[in-house]
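Structure first, then comments.
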Amino acid sequence: MRDGENIYDAIYQLVRCIPPGRVSNYGAIAKAVGMASGARVVGYAMNGCHNINPPVPAHRVVTRNGLLTGRHHFSPPELMQQLLEQEGVRVEDFKVVDFDKVFWDPMKEL
DNA sequence: GGACTGACGCAAG
DNA sequence: CCTTGCGCCAGTC
């Protein structure tokens, strides 16, 4: 923490910019914040997203394959899929259906 | 300072 | 399509 801006802050802001009905992957976010290969760091940052304000829609962040790997870190693990389906994102077996269609690229859209 | 871990990504089989 | 192995960065022990 300190040194002006943290890597987490950039990640949180970017994730917050994800529109409803869309999902993004860790790699794209990592690259958007300056870490092309820091996908793991993005996931690690999400680990503390449940205690920040404003809250971060971590449920819109999935793996590059569209797999809801982070579901286990939610209060109820199924909440992640519920939220996605609630926003119109088709999810099957904890995997985002038509992921390339709902995929939101921060570098391209932003 | 070294080693292990983790909500990952990609290449190859 | 799914599984395995290696590499990536940051944090903690």
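Predicted model, so just to flag it, every value in this text is computed and none were measured.
- Of the listed nucleotides (C/dA10, C/dC2, C/dC8), C/dA10 has the atom at the smallest distance from the side chain of A/Val41.
- Of all nucleotides listed (C/dA10, B/dG9, B/dA7), C/dA10 comes nearest to the side chain of A/Ile7.
- Between the side chain of A/Asp93 and the backbone N or O of A/Lys95 there is no donor-acceptor pair closer than 3.5 Å.
- The stretch residues 51-62 of chain A comes close to DNA chain B through A/Ala58, each having a heavy atom under 4.0 Å from the strand.
- Look at A/Arg60 and A/Glu87 and you find a salt bridge, because one of the NZ, NE, NH1 or NH2 atoms lies within 4.0 Å of a carboxylate O, short of that distance.
- A/Met35 comes within 4.0 angstrom of the backbone, heavy atoms only, and of no base.
- Although no hydrogens or angles enter the test, the distance criterion places no donor-acceptor pair under 3.5 Å between the side chain of A/Ser24 and the main chain of A/Asp105.
- Residue A/Asn47 contributes atom CG, which lies 12 Å from atom C1' of B/dT5 at whole-angstrom precision.
- By the neighbour-count criterion of 12 heavy atoms within 6.0 Å, atom CZ of A/Arg90 is sparsely surrounded, having that number or fewer from other residues, nucleotides or ligands.
- Here A/Tyr8 lies in heavy-atom contact (under 4.0 Å) with sugar-phosphate atoms only.
- Applying the 3.5 Å distance criterion, the base of B/dA7 shares a donor-acceptor pair with the side chain of A/Tyr26.
- Rounded to whole Å, the distance from CG on A/Asn6 to P on C/dC9 is 18 Å.
- A/Arg40 comes within 4.0 angstrom of a base, heavy atoms only.
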Q) For A/Val102 and A/Val96, what are the C-alpha separation, side-chain angles and deciding distance, and is it a side-chain contact (heavy atoms from CB on, under 4.5 Å)? A) CA-CA 9 Å; A/Val102 296; A/Val96 178; 3.6 Å; yes
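- Between A/Arg71 atom CZ and B/dA7 atom P the separation is 12 Å, expressed in whole Å.
- Residues A/Ala39 and A/Tyr44 both approach DNA chain C. Their nearest nucleotides, taken by heavy-atom distance, put A/Ala39 toward the 5′ side.
- Taking atom NE2 on A/His73 and atom C1' on B/dG6, their separation rounds to 8 Å, with Å as the unit.
- Here C/dC1 presents its C1' atom at 13 Å from CG of A/Asp93, a figure rounded to the nearest Å.
- No donor-acceptor distance shorter than 3.5 angstrom exists from the side chain of A/Tyr12 to the backbone of A/Pro55, with no hydrogens or angles considered.
- Taking atom NE2 of A/His72 as the reference point, atom P of B/dG6 lies 13 Å away to the nearest angstrom.
- Here A/Thr69 reaches the OP1 or OP2 of B/dC8: one of its side-chain N or O atoms lies under 4.0 Å away.
- Formation of a donor-acceptor pair under 3.5 Å by the A/Asn25 side chain with backbone atoms of A/Ala28 is found in this model.
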